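Whatever order the structure lists them in is the order used to number ligands and atoms, beginning at 1. Bear in mind the structure is a predicted one, so any value in this text is a computation, not a measurement.
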Amino acid sequence: MLKYKDGELFCEGVALRDIASEAGTPFYLYSLARLLENFHRIRKAFSKANPLIAYSVKANSNLSILRLLAREGSGFDIVSAGELRRVLAAGGDPQKVIFAGVGKTAEELRLAIQQKILMVNLESEPEAQLLSEIARGQKAVMRASLRINPDVEAHTHEYITTGKKENKFGVSYKSAPALIARIARLPNIEFVGLHVHVGSQILDLTAHINGVKRLVSLIGVLRSEGIEIRTLNIGGGYGIAYGEREKTMNVERAAEKIIPFVRKMGCRLIMEPGRYIVASAGALVTRITYIKVGDLKQFAIVDSGMNHLIRPALYKAYHRIIPVRETRTRKRIEMDVVGPICESADFFAKDRPMPPLTQGELLAILDTGAYGYVMSSNYNTQPRPPEILVNGTAFHIINKRETYDNLLKGEQFPPYLQHGEKGIKGRI
Ligand code: LLP
């Protein structure tokens, strides 16, 4: 999504330096063209199966991005009432919304039923009972599918595996048939299908295929017991190339392998990609506040940190970092690129060979369109950065930089700490 032109880094037709001088730093940047390219690529790859592509809102829930995808006909995979409200605010079609998550509350299920979403992905028996009760109370019938924990090895970071036995997600393959028979008998629930999600950032196609195979054999068992299965939801998880030596999931090959299974089962295919669509369409642009030369290491201290992008701190995730001003020298210096937050985990890169860098220059942290802004925080009372969307030669702020007023807005003093109150005054 980024290219050097005349020694300057551009996103589509806009120089990053121009955005920085107008919007300040740090900022999240998204390329509209790249985002659509990713969406169209996965849609085209699977077009023979005519799937419902339910973009996974958790990856990036900015309203403009949701609206853009809604206009392309995308559906949405949500995990909370908050995400449902975002989809609705963006103009998304509730008839294409699927609700997943292990801990949906009664209030959230009620909203989902009221809004007539497409279906709920159940993850446990008590949840099925609650959904049935609420739907009955509303004189409605809700479509539901069941998430199966496939117990397959996915070769990704342990914090983002979801399809292993020890994970909290879904129900075991073994317990599924009996459980589904009970769910199918619950009033006000129309049981329609199965759901699986093997994990996130999975570059190994075999893991995905194994997940699908688990569902296929389960459908066989269920059909032999007279339970009809109409939808097969294969989740998300397609990995992208963060490192120079990694390869983004080849979705054409994935489709080639997966579609025959779906065809054989005669099911409607549903998929929930998140990262694949948005990760490579985003960058976090930050300015170097200081270069610090320590006894053992050199540090580039930048004006963004783990408060804005927590993936390196949380998963030791690797993100490429490139200077906005092109460097022609081949010289590389090993550096840590770190933020201003008071935590040793506050880094974007460790011992990374970087070209010579100077105070005040801009760096772009790549592939940060997914699980970037959405996982940001206000730790150290630092405002969140703005989100900016580039479209050709134009750029627009699609989410303003937080102000300090925003940060203090919800807080209030108890009576004994308000101005003029005596209370515990004098005791400290
Ligand atoms: N469907 C379900 C049921 C999921 O749990 C997830 C992600 C997705 C779809 C979308 O997966 P994707 O296509 O984006 O891999 N914060 C972590 C990733 C957590 C993913 C959680 N579930 C990260 O920064 O890598």
Which atoms of ligand 1 are found less than 4.0 Å from any heavy atom of [X]?
X: Pro273; result: 13 (O)
X: Ser56; result: 8 (C), 9 (C), 10 (C)
X: Asp77; result: 1 (N), 9 (C)
X: Gly274; result: 12 (P), 13 (O), 14 (O)

Looking only at the side chains, is there a donor atom on one of Lys174 and Ser172 sitting less than 3.5 Å from an acceptor on the other?
no
If only side-chain N and O atoms count, and only distance matters, is there a donor-acceptor pair under 3.5 Å linking Asn399 with Tyr28?
no
Any N or O on Tyr315 sitting closer than 3.5 Å to an N or O of ligand 1?
yes
Only residue of Val302, Leu363, Val338 satisfying side-chain contact (heavy atoms from CB on, under 4.5 Å) with Phe348 is Val302
If we ignore hydrogens and angles and just use 3.5 Å, is the side chain of Arg223 paired with the main-chain N or O of Met265 as donor and acceptor?
yes
Has the side chain of His195 got a donor or acceptor atom that lies under 3.5 Å from a matching backbone atom of Asn233?
no
State the CG-OH distance between Leu203 and Tyr238, to the nearest 0.5 angstrom.
12.5 Å
Does atom OH of Tyr290 have more than 12 heavy-atom neighbours from other groups under 6.0 Å away?
no
Where does Tyr276 meet ligand 1, judged by heavy-atom distances below 4.0 Å: at the side chain, the backbone, both, or neither?
neither
Sequence neighbours left out, what passes salt bridge (charged side-chain N to carboxylate O under 4.0 Å, His left out) with Glu125? Give chain and number order.
Arg182
Ignoring hydrogens, just give me the one of Arg275, Gln201, Met375, Glu272 whose non-hydrogen atom is nearest atom 3 (C) of ligand 1.
Glu272
Winner among Arg311, Met249, Glu123, Lys58 once heavy atoms are compared against atom 6 (C) of ligand 1:
Lys58
Mind checking whether [X] has a heavy atom under 4.0 Å from ligand 1?
X: Ala370; value: no
X: Gly237; value: yes
X: Phe169; value: no

